[in-house]
Number of protein chains: 2
Amino acid sequence: MSVTRIHIKRNSDTFELRRCQIFTEILNLYIQTAAPVGSRTIARRLRNSLSPATIRNIMADLEELGYIEHPYTSAGRVPTDQGYRYYVNALMQQSHLTEDEEETIRAAHERHCTELEEIIERASRLLSEVSNQAALVLFSGVSRDIFKRIALIPLDSGSNRLLVVFVSASGMVRNYKVELPEPIEDIQMERLTRLLNQELEGLPLAQIEYHLKRRMMMEQGSLYYNLFKQALAIIKATILTSKEERLWLEGTSRILEQPEFKEVTRTRALLRLLEEKEPLLELLRQDLEQDQRCRIYIGSEMGNEAMKWYSLVTRSYKIGDRVIGTVGILGPTRMEYSHSVALVDRMAGLLGEVISQMGEL
Amino acid sequence: MSVTRIHIKRNSDTFELRRCQIFTEILNLYIQTAAPVGSRTIARRLRNSLSPATIRNIMADLEELGYIEHPYTSAGRVPTDQGYRYYVNALMQQSHLTEDEEETIRAAHERHCTELEEIIERASRLLSEVSNQAALVLFSGVSRDIFKRIALIPLDSGSNRLLVVFVSASGMVRNYKVELPEPIEDIQMERLTRLLNQELEGLPLAQIEYHLKRRMMMEQGSLYYNLFKQALAIIKATILTSKEERLWLEGTSRILEQPEFKEVTRTRALLRLLEEKEPLLELLRQDLEQDQRCRIYIGSEMGNEAMKWYSLVTRSYKIGDRVIGTVGILGPTRMEYSHSVALVDRMAGLLGEVISQMGEL
DNA sequence: TTTTAGCACTCAATTTAGTTGAGTGCTAAT
DNA sequence: ATTAGCACTCAACTAAATTGAGTGCTAAAA
């Protein structure tokens with residue numbers, strides 16, 4: 001009673017292998033049916049090469065390892081988050097898209113379009129449709145984008161209201177309205193525009209401030225000093241202040257189509273959370289830092305009670321080697337991870353490509 | 001058995017009045033509790049001035065009129081869509097916002113901001129929070145907006161790619177990328193810009209095409225002819241092609257908090273529909289045509305199976321007397337219509353105001 | 001040592017039957 | 001025109017019984 005007997009001494013390779021096989025079987029069945037899996041079912045699936053009793057023993061082992069668990073004494077087994085993690089890390093095999101899926105994706109990308117936002121919205125819709133889960137796309141391009149061109153447009157002649165139009169290398173266009181402390185002459189404005197475009201072209205946004213400050217120092221005392229000062233002020237008030245992060249979330253209603261939806265409270269909590277967006281953003285921002293392959297967050301790993309029953313598969317997408325955002329699929333922990341990974345990979349690749357092309361134009 | 005006896009001959013004013021009173025009572029009770037209302041409950045609410053039996057008779061009348069119905073033989077009564085309609089048209093009294101609500105709304109509008117989209121997003125969130133229902137805001141400003149200013153920015157020097165920046169009177173800024181059939185010189189472009197700004201300032205977008213064509217005719221043979229031709233081409237490729245309708249939808253998860261949510265299929269169907277957006281848009285577009293006070297669509301009136309159990313309260317908002325969009329609340333048919341109307345009215349007024357101010361700046 | 005058959009046991013889920021109570025419609029008395 | 005009274009209906013709840021998929025353990029077989 002007091003000593004927990006750990007009897008997984010049968011550690012030869014064959015046993016190890018068989019355990020994995022049975023675990024995968026449980027996992028797959030559970031993914032398909034959403035119902036706890038029992039020993040007899042597994043036995044049948046293995047064409048009775050092992051008896052239910054044996055499988056029960058192995059299941060006991062798996063439970064001790066923390067990969068599966070009992071909802072109650074006499075129910076079948078259900079994978080734990082730890083189990084999914086093990087599967088994802090060690091057992092999962094690469095999966096490929098079906099021809100249908102390829103076709104759908106290709107068809108959707110046939111119509112070209114020039115609006116970045118439209119491209120992203122479509123991509124998120126597409127991903128949601130093909131995966132039949134909720135899909136998300138984060139665009140956080142601006143902050144890691146590159147300066148291409150700026151234009152200053154007076155909003156009222158003679159006034160001090162200014163429209164600043166900014167075009168980034170990735171083709172994104174942004175507008176900012178600014179109010180200057182005092183009216184600015186047309187000639188001065190033209191100079192300013194020319195200066196900014198000459199100085200900043202090709203510069204990553206992160207370096208702009210530093211660069212302008214340095215140049216300002218250099219020009220100290222010269223005619224240009226004031227110009228640089230003004231330029232810096234404008235840039236600071238516009239491009240640098242805006243944290244242009246935007247999240248698209250599509251197909252949340254598909255979450256209601258899963259059987260786990262029956263648990264009303266779970267679903268409600270999740271949808272609430274998704275509407276807030278901030279918690280998700282925090283998670284996604286991590287992906288921006290490193291350029292890795294797919295990231296998978298399983299249930300409790302997301303560190304949020306409301307997301308306990310859901311998993312997230314994400315991958316960053318990029319222009320060249322600059323990460324500019326993240327795409328992802330959100331579904332119940334009981335999801336087909338390999339398939340989701342394949343989809344997310346494809347979407348991330350495609351989205352990067354399409355946006356790159358757009359920027360080049 | 002064969003002849004339906006209609007015994008609503010008691011048509012004197014007192015009876016009429018009493019019927020209304022009881023109907024309102026049923027309606028209010030049902031709105032509060034979401035449970036069918038029985039004759040005894042009503043009798044108690046009327047301090048037993050009438051016996052349950054009498055009330056049953058009246059209820060039978062109301063049922064014959066189509067205002068209430070039985071879910072099953074021995075259940076209480078539930079208002080029908082027709083009943084809600086009657087209430088809304090004839091019985092509903094104007095309601096005012098509570099101080100709390102006023103306070104919340106005012107607080108939210110304290111922080112000024114310059115981005116149109118941000119203002120609208122905030123407004124929809126706010127409306128959803130205060131009403132505790134799903135809220136929506138349609139912005140369809142552009143098509144009925146007024147020209148203010150245009151700017152042309154070459155994207156690559158010497159190339160034929162152009163960024164067109166357009167500012168409308170309501171303060172909205174739009175960008176379009178266009179590809180010209182042949183490169184355009186800087187001087188020519190400046191002329192073009194000046195021409196467009198001079199010709200079109202203050203013109204409703206709907207009249208732009210006609211105006212330019214007419215001017216083109218007038219200048220036939222003159223030096224300006226080609227300029228006008230080019231101008232028209234650009235305008236057509238940008239401002240006039242874009243149908244810049246955008247719908248914000250916030251707080252859909254609040255729908256899950258209503259008791260009618262138990263009917264899983266209903267909710268699922270609704271959320272699905274809301275994600276598509278198009279059906280809602282169609283409905284909302286109608287409001288743009290006339291400037292009326294609040295519009296109320298009740299359940300089946302929306303002509304969509306999935307929305308059968310929900311109602312929509314909308315009102316257009318405007319700049320001056322130009323309608324530029326619609327705000328609305330979406331909730332179960334069993335909603336507090338008068339309160340929703342008050343909220344929607346306030347939001348529509350406020351939103352119009354805020355956007356107007358923004359445009360003036 | 002591993003596998004399996006057998007058995008007692010558990011427990012959610014389903015079924016069944018019975019009870020309750022809010023509500024109705026009708027009729028006859030007030 | 002109103003009400004009291006009565007028979008009837010039916011969802012919702014309760015409690016008990018049944019079912020069956022599943023378990024763990026043990027002892028025998030391989």
Side-chain angles (χ1 to χ4, degrees), chain A residues 1 4-19 21-22 25-26 29-30 33-64 68-78 259 262-263, chain B residues 1 3-19 21-22 25-26 29-30 33-64 68-79 259 262-263:
Chain A
M1 193 65 198
T4 327
R5 184 167 46 105
I6 302 205
H7 56 91
I8 314 174
K9 299 170 184 147
R10 308 166 295 184
N11 247 339
S12 79
D13 280 358
T14 31
F15 286 131
E16 176 74 32
L17 185 72
R18 204 176 58 183
R19 225 169 29 221
Q21 200 187 346
I22 284 172
E25 209 65 52
I26 293 173
L29 268 169
Y30 184 70
T33 61
V37 181
S39 51
R40 279 192 43 175
T41 321
I42 296 290
R44 266 200 300 273
R45 295 268 296 198
L46 298 178
R47 290 203 208 89
N48 294 308
S49 59
L50 290 174
S51 82
T54 316
I55 289 169
R56 278 204 287 282
N57 286 331
I58 298 167
M59 280 170 142
D61 293 355
L62 287 168
E63 192 158 11
E64 226 157 356
I68 56 180
E69 70 185 349
H70 267 173
Y72 48 89
T73 22
S74 73
R77 290 340 204 269
V78 167
K262 278 180 305 184
E263 316 280 312
Chain B
M1 192 66 198
V3 181
T4 329
R5 184 167 46 104
I6 303 203
H7 55 91
I8 316 176
K9 297 167 188 154
R10 308 164 294 183
N11 247 340
S12 80
D13 280 357
T14 31
F15 287 132
E16 176 76 30
L17 184 71
R18 205 176 56 182
R19 225 170 25 224
Q21 199 187 347
I22 284 172
E25 210 64 52
I26 293 174
L29 268 170
Y30 185 69
T33 62
V37 181
S39 51
R40 280 191 43 175
T41 321
I42 296 290
R44 266 200 300 274
R45 296 269 296 198
L46 297 178
R47 290 205 208 89
N48 293 308
S49 60
L50 288 175
S51 82
T54 317
I55 289 170
R56 279 205 285 281
N57 287 330
I58 299 167
M59 280 170 143
D61 294 356
L62 287 167
E63 190 157 14
E64 228 158 355
I68 55 179
E69 71 186 348
H70 267 171
Y72 49 89
T73 22
S74 72
R77 291 339 204 271
V78 166
K262 278 181 304 185
E263 316 280 311

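Just so it is clear: chains get the letters A, B, ... in the order the sequence lines come, proteins before strands, and each one is counted from 1.
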| field | Closest-nucleotide ordering on DNA chain D, the 5'-leading residue of S49(B) and M59(A) | value | S49(B)
| request: Mind checking A53(B) for me? I need base, sugar-phosphate or nothing, with any heavy atom below 4.0 Å counting as a touch. | output: base
| query | Just to confirm, is there a sub-4.0 Å distance from OP1 or OP2 of dG25(C) to any side-chain nitrogen or oxygen of T73(B)? | reply | no
| field | Separation of dG24(D) C1' from I68(A) CD1 (nearest whole Å) | value | 14 Å
| said: Less than 4.0 angstrom between a side-chain N/O of R18(B) and OP1 or OP2 of dT2(D), yes or no? | reply: yes
| task | Please determine if a side-chain N or O atom of R44(A) lies less than 4.0 Å away from the OP1 or OP2 oxygen of dA21(D). | result | no
| query | Do the side-chain N or O atoms of S51(A) get closer than 4.0 angstrom to the phosphate oxygens (OP1, OP2) of dT4(C)? | reply | yes
| query | Under the criterion side chain to side chain contact (heavy atoms under 4.5 Å, CB included), which of T33(A), L46(A), L29(A) is the partner of T41(A)? | reply | L29(A)
| query | Could you give the CD1-to-C1' distance, from I42(B) to dA22(C), as a whole number of Å? | reply | 14 Å
| note | R19(B) atom CZ is separated from dT2(D) atom P, nearest whole Å, by 12 Å
| For N57(A) and dG22(D), what is the distance between atoms CG and P respectively, to the nearest whole Å? | 17 Å
| At under 4.0 Å between heavy atoms, what does T54(A) touch on the DNA or RNA strands: base, sugar-phosphate, or nothing? | base
| field | E69(B) CD - dG23(C) C1' separation (whole Å) | value | 16 Å
| request: Using whole Å, report how far CZ of R56(A) lies from C1' of dT4(C). | output: 10 Å
| task | In whole angstrom, give the distance that lies between atom NE2 of H70(A) and atom P of dG24(D). | result | 5 Å
| task | Look at the side chain of R77(A) and decide which nucleotide, out of dG25(C), dT3(D), dT23(D), has an atom nearest to it. | result | dT23(D)
| query | Atom CZ of R40(B) and atom C1' of dA22(C): how far apart are they, to the nearest Å? | reply | 8 Å
| Has the side chain of S74(B) got a donor or acceptor atom sitting under 3.5 Å from an opposite partner on the base of dT9(D)? | yes
